[in-house]
2 protein chains.
Amino acid sequence: MDTENTRTHIVQLAQRLIQERGYNGFSYRDLAASVGIKTASIHYYFPQKEDLLLAVISDYQTRWHEAIQNIPSGLRADEKLRAYVEIHRRACAGNQLICIGGILAAELGSLPGCARKALQSFYACNEQWLVELLEQGAREGSLRVPGDVRVSARAIYAALQGGLVSARLFDHQERATDLLPCLLA
Amino acid sequence: MDTENTRTHIVQLAQRLIQERGYNGFSYRDLAASVGIKTASIHYYFPQKEDLLLAVISDYQTRWHEAIQNIPSGLRADEKLRAYVEIHRRACAGNQLICIGGILAAELGSLPGCARKALQSFYACNEQWLVELLEQGAREGSLRVPGDVRVSARAIYAALQGGLVSARLFDHQERATDLLPCLLA
DNA sequence: GTCTATAAACGGATAGAC
DNA sequence: GTCTATCCGTTTATAGAC
């Protein structure tokens with residue numbers, strides 16, 4: 001297998017393992033078993049585990065950004081919001097997983113320090129998208145937007161991340177969308 | 001030091017370590033160093049790490065329940081909600097910690113299976129309290145309660161847990177209270 | 001690039017003395 | 001109850017052969 005494929009394979013498996021078990025819940029051994037190579041070979045691509053962590057976050061954010069851009073710009077704000085929540089739910093594959101951002105931010109205290117900025121950037125990117133969504137929703141009257149849109153955007157994103165966590169805990173998909181009724185006008 | 005004190009001491013230190021680093025982010029060694037005993041002595045109280053985990057959740061839930069009961073029943077619903085959020089913020093000691101429920105639910109995939117029910121119970125207990133709060137708020141008109149109170153209660157609790165996570169990530173206390181403006185009538 | 005082999009530290013856990 | 005001593009699997013990481 002050529003280099004880029006193996007590297008990509010490792011990153012995507014690590015991503016899934018993190019979504020399932022968290023950064024402290026998987027090892028190079030788990031990864032090696034799944035990829036079908038030895039742990040030493042993983043160190044060839046990612047000398048330290050924190051190198052892998054940063055690669056995972058960066059890759060996830062890139063593909064996330066693409067997914068968001070693919071939400072048709074012609075939709076009403078409430079429709080976009082539904083689509084946005086739906087993307088999250090799909091990324092969590094039937095409640096077995098949660099969002100990389102949520103699990104890693106929760107583990108922050110036991111993560112290598114370099115992860116913090118990357119996670120802040122991931123959060124900020126999503127919150128900025130929500131700010132623009134809320135502005136559109138306020139113009140249209142399709143979303144209820146009380147007060148500062150930035151505060152609302154942060155609250156919505158926190159509610160979504162928390163919702164994914166509780167959806168898995170109760171194995172109850174609807175918990176991921178509980179925030180919607182509170183926001184629709 | 002007598003038995004009950006040492007045991008209590010261990011539980012409370014473990015609780016703090018979990019709030020800071022998560023279940024997979026601390027070891028009996030960390031605990032021993034802080035308590036001032038050897039790891040073997042911790043095994044005397046908690047033979048397996050999962051025994052300690054269950055004790056921590058149980059103890060946390062008990063004290064949590066007491067704290068909620070201490071919110072004066074004469075308050076308006078919106079005042080109670082502010083008090084409730086404030087208790088959470090205080091339990092997180094200036095953004096260094098998050099709630100036990102939030103971090104453990106996020107780590108669920110790498111926790112011993114026995115933790116799940118305890119965590120569901122913890123979530124359900126808080127959500128039930130919020131259901132009653134919302135009913136009071138609807139009667140009084142002091143809270144905005146759109147649609148099903150159970151759905152709203154779950155959304156609020158998820159938003160609060162997510163808010164504590166993001167407050168720590170950005171070291172920004174206000175993020176814990178971002179959900180309030182969306183709820184006050 | 002991937003392997004074998006290995007290092008060195010850490011993890012949870014136990015036996016048995018005091 | 002707490003200790004010392006120890007077991008043994010795991011984990012991250014490196015050296016060097018192929």
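Everything numeric in this text was worked out from a predicted model, so none of it was measured. In what follows, every heavy atom counts, from backbone to side chain, and hydrogens, waters and symmetry copies are set aside. Residue numbers begin at 1 in each chain, while the letters A, B, ... track the order of the sequences.
- Judged by distance alone, the side chains of A:Tyr84 and A:Asn126 do bring a donor and an acceptor atom under 3.5 Å apart.
- In summary, the side chains of A:Gln161 and A:Tyr157 do present a donor paired with an acceptor at a separation below 3.5 Å, with no hydrogens or angles considered.
- Looking only at atom types and distance, the side chain of A:Gln15 has a donor-acceptor partner in the side chain of A:Arg63 under 3.5 Å away.
- Distance CG (B:Asn24) to P (D:dT11): 11 Å, rounded to an integer number of Å.
- Side-chain contact, A:His65 with A:Gln61: no donor N or O sits under 3.5 Å from an acceptor N or O.
- Between B:Leu31 atom CG and D:dT2 atom P there is a gap of 13 Å when expressed in whole angstrom units.
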At under 4.0 Å between heavy atoms, which parts of nucleotides 11-18 of chain C does protein reach? Answer with one letter per nucleotide, 5' to 3': B base, S sugar-phosphate only, - none.
SSBB----
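- In this structure, the NZ atom of B:Lys38 is 15 Å from the P atom of D:dT6, given to the nearest Å.
- The aromatic ring centroids of A:Tyr60 and A:Phe122 lie less than 6.0 Å from each other.
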